[in-house]
Amino acid sequence: MKQILWFRRDLRVTNSALLSKAKDEVMPIFIFDTDILNSLDKEDKRVSFIYKSVLSLKKQLKALGLDLAIFYGKPIEIFSKLKPLGFDEILCSCDFDDYAKKRDEQVDKIITLRRYSDSYIIKPWNALKKDGTPYKVFTPFYKNLSFIWESDALEEFEVNKDLKLITYDYEQVASLESMGFDEVELPSFLNKTAHELIEEFSSKIEDYEEQRDIFYKSATSSLAVHLRFGLISSVEVFNKIKKLKGANIEFFIRELFWREFYNYILFHFPKSEFENFNGLEVSWNQNEEDFERWCEGKTGVPLIDAAMIHFNKTGTMHNRLRMIVSSFLTKNLLIDWKKGERYFASKLLDYDASSNIGSWQWAASTGADSVPYFRIFNPYTQSAKFDKEGLFIKSVIPELKDVDPKLFHKEGALANSLFVDYIKPIVSIELSRKRALEAFKGAKNEKA
Ligand SMILES: Cc1cc2nc3c(=O)[nH]c(=O)nc-3n(C[C@H](O)[C@H](O)[C@H](O)COP(=O)(O)OP(=O)(O)OC[C@H]3O[C@@H](n4cnc5c(N)ncnc54)[C@H](O)[C@@H]3O)c2cc1C
């Protein structure tokens, strides 16, 4: 048996279905896929991170007596070239977004593709309601999985130690520059391994539930990027966190299952990548300038601007800020969630199709188990509640460094101040809230 082990979003050797299920002769590979890379900015931080992670995977595979062939090009062309070498099948980890599914279908026609589920804890096709249909609401979905999250440890895949490496030229590795990308500096947490991040987080987990919304603090695990690219699997995160034992462990595990839920929703409802999950037909605002000002952080609302400016610079955004800016875009500006989703996809370091689509639909009140349309975040109240001293806003917007933070928390206060020259807010929170309520109340529901 000759197999290709195609690493994609599972850049690790631990708990790896590929390394466990493989037999006999193998050729581990990674493809820098030009169909994806060609649409990215040459300074995309994710490419630098993946590049570093792929080289590290190569090293780890070498330590197991294997290696990693690194390709640059279109997967179908690469597999067409590899086919004459006599491979029986390709082993890879499942991926459910539209692009991945279409790509895999094409590859499967060249060499049989065998897919394994090791990027998530649950297999979406297994967790159904008694009537055989999928859950659409998180809480019953989660409760039904208590047999999983109540366990102390979940089974992990073991590496098959009897694999033989197929002879090939493994030394050819394209540089980042030759692929058209610059090596860029990464936020410091990305220079840490997932295990180091868990180690750091273990001293914070007791306060996680209480502090995780305070966006100027580092009170969360920062594991999303490592999970996204599979440097650690969610099963390993689960097992490591369970070992900590303590009051707040269950709360964290529940959050981890939101990732499972959104992947489950995308698997069962693939159209939710492109359409409102609940069929609501909202008359969105088509004003391009409003959207651009949101993207650039020039809305005149200090917290929204700080969150977006910080995001544009770092590719990171705290969960609470994601909730606030997505609510502002879809409700106060009444702009289609798909535009926000695409903007996040273009920059977010932890961008993951299922979580991003699910969360954007949640914010827009068009998704599975989403926020009711009348619960609209007020960005001024949010900054008063979670950043009373304006620490986050001041750290991002230098011209507001010496401003009394009270001015951040009251609508129009900055614009009316004689001492500060700041952009006038593009919408009134009260009026835009009323407009959103009317638009959502009047929206037709094609599925109703
Ligand atoms: C509009 C919007 C877009 C989002 N887009 C993404 C995305 O593209 N990729 C992504 O991983 N998360 C996304 N999230 C969810 C959440 O913001 C991030 O998972 C979280 O901020 C990552 O930080 P952390 O690893 O420190 O999380 P922690 O609080 O430490 O949580 C641990 C892990 O649980 C999972 N998790 C926690 N909360 C959520 C959630 N609400 N939804 C899904 N998974 C969750 C993540 O894998 C996270 O790494 C989005 C949320 C919103 C509101």
Side-chain angles (χ1 to χ4, degrees), residues 9 46 97 119-122 138 141-142 149 187 189-190 192 194 197-198 200-202 204-205 207-215 217-238 240-241 244 248-266 273 294 304 307-308 310-311 314-331 335-371 377 382:
R9 53 173 307 161
R46 293 166 295 194
D97 68 76
S119 298
Y120 290 86
I121 295 170
I122 64 153
F138 177 77
F141 160 84
Y142 184 63
W149 49 261
F189 74 96
L190 287 187
K192 296 179 185 164
L197 290 176
I198 294 178
E200 273 178 23
F201 182 59
S202 62
K204 302 178 194 163
I205 195 163
D207 301 322
Y208 176 71
E209 184 172 1
E210 201 191 299
Q211 307 236 321
R212 71 188 190 108
D213 283 328
I214 306 175
F215 43 77
K217 284 196 175 171
S218 153
T220 64
S221 72
S222 300
L223 279 168
V225 186
H226 291 71
L227 276 166
R228 162 64 184 93
F229 296 111
L231 278 87
I232 191 165
S233 63
S234 42
V235 166
E236 291 168 283
V237 172
F238 180 96
K240 287 201 168 285
I241 295 293
L244 298 176
N248 256 324
I249 283 169
E250 301 311 330
F251 190 85
F252 179 82
I253 297 287
R254 198 173 191 276
E255 288 306 305
L256 201 58
F257 271 78
W258 273 99
R259 179 175 180 270
E260 301 289 324
F261 180 64
Y262 286 137
N263 184 58
Y264 173 89
I265 292 291
L266 187 63
E273 186 167 346
W294 175 85
I304 302 291
M308 294 306 293
H310 181 71
F311 174 54
T314 63
T316 63
M317 194 188 290
H318 188 279
N319 181 57
R320 168 98 350 209
L321 292 172
R322 297 185 204 199
M323 288 158 78
I324 300 168
V325 301
S326 53
S327 171
F328 186 80
L329 185 79
T330 56
K331 304 290 171 50
I335 289 176
D336 193 345
W337 63 267
K338 294 184 210 75
K339 294 181 83 164
E341 196 276 331
R342 287 291 84 208
Y343 191 69
F344 266 33
S346 72
K347 291 194 164 26
L348 198 57
L349 277 167
D350 63 33
Y351 167 68
D352 189 31
S354 57
S355 288
N356 202 45
I357 292 161
S359 301
W360 270 98
Q361 291 239 37
W362 173 88
S365 306
T366 57
D369 203 3
S370 47
V371 65
F377 285 100
Q382 290 290 310

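All values below come from the heavy atoms of this structure, side chains included, with hydrogens, waters and symmetry mates left out. Counting starts at 1 for both ligands and their atoms, following the listed order.
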At under 4.0 Å between heavy atoms, which part of [X] makes contact with ligand 1: side chain, backbone, both or neither?
| X | value |
| --- | --- |
| Asn356 | both |
| Tyr262 | side chain |
| Phe252 | side chain |

Can you sort out which atoms of ligand 1 are near [X], meaning under 4.0 Å from one of its heavy atoms?
| X | value |
| --- | --- |
| Tyr351 | 8 (O) |
| Trp360 | 1 (C) |
| Leu227 | 47 (O), 49 (O) |
| Asp352 | 7 (C), 8 (O), 9 (N) |

Distance-only side-chain donor-acceptor flag, Lys240 / Ser202, under 3.5 Å = no
Name the option, out of [options], that contains the heavy atom nearest to [atom].
| atom | options | value |
| --- | --- | --- |
| atom 15 (C) of ligand 1 | Asn319, Thr316, Leu223 | Asn319 |
| atom 23 (O) of ligand 1 | Ala224, Ser218, Ser355 | Ala224 |
| atom 51 (C) of ligand 1 | Ser359, Ser354, Ala219 | Ser359 |

Just distances here: any N/O of [X] and N/O of ligand 1 closer than 3.5 Å?
| X | answer |
| --- | --- |
| Ser326 | no |
| Ser221 | yes |
| Trp258 | no |
| His318 | no |

Can you name the closest pair of heavy atoms from Leu227 and Arg259 and give their distance?
-> O-NH2, 3.4 Å
Rounded to the nearest 0.5 Å, what's the gap from [atom1] on [X] to [atom2] on [Y]? Could you check?
| X | Y | atom1 | atom2 | result |
| --- | --- | --- | --- | --- |
| Glu260 | Ile122 | CD | CD1 | 5.5 Å |
| Asn263 | Ser355 | CG | OG | 7.5 Å |
| Leu348 | Glu341 | CG | CD | 10.0 Å |
| Trp258 | Asn319 | CH2 | CG | 10.5 Å |

[atom]: which protein heavy atom is closest, and how many Å away?
| atom | value |
| --- | --- |
| atom 33 (C) of ligand 1 | Leu256 CD1, 3.9 Å |
| atom 36 (N) of ligand 1 | Glu255 O, 3.5 Å |
| atom 6 (C) of ligand 1 | Arg322 NH1, 3.3 Å |
| atom 9 (N) of ligand 1 | Asp350 O, 2.9 Å |
| atom 47 (O) of ligand 1 | Arg259 CD, 3.2 Å |
| atom 24 (P) of ligand 1 | Ser222 N, 3.6 Å |
| atom 31 (O) of ligand 1 | Tyr208 OH, 3.5 Å |

Which residue, Asp97, Asp350, Asp352, forms the salt bridge (Lys or Arg N to Asp or Glu O under 4.0 Å) with Arg9?
-> Asp352
Are Lys217 and Asp207 ion-paired here, with the side-chain N under 4.0 Å from a carboxylate O?
->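 Salt bridge flag = no for Asp207 with Lys217.
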Please find out if less than 6.0 Å separates the ring center of Phe328 from that of Trp294.
->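 So the answer is no for these two rings.
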Pair Tyr208 and Phe201, ring centroids less than 6.0 Å apart =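 Between Tyr208 and Phe201, the centre distance is under 6.0 Å.
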Would you check whether Phe261 reaches within less than 4.0 Å of ligand 1, judged by its heavy atoms?
-> no
Between Lys331 and Ala363, is there a donor-acceptor pair closer than 3.5 Å when you use the side chain of the first and the backbone of the second?
-> yes
When you measure from the side chain of Ser359 to the backbone N and O of Asn356, does any donor-acceptor pair fall under 3.5 Å?
->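 No: the side chain of Ser359 does not pair with the backbone of Asn356.
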Check whether any side-chain heavy atom of Phe311 sits under 4.5 Å from a side-chain heavy atom of His318, and report yes or no.
->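 Side-chain contact under 4.5 Å: no.
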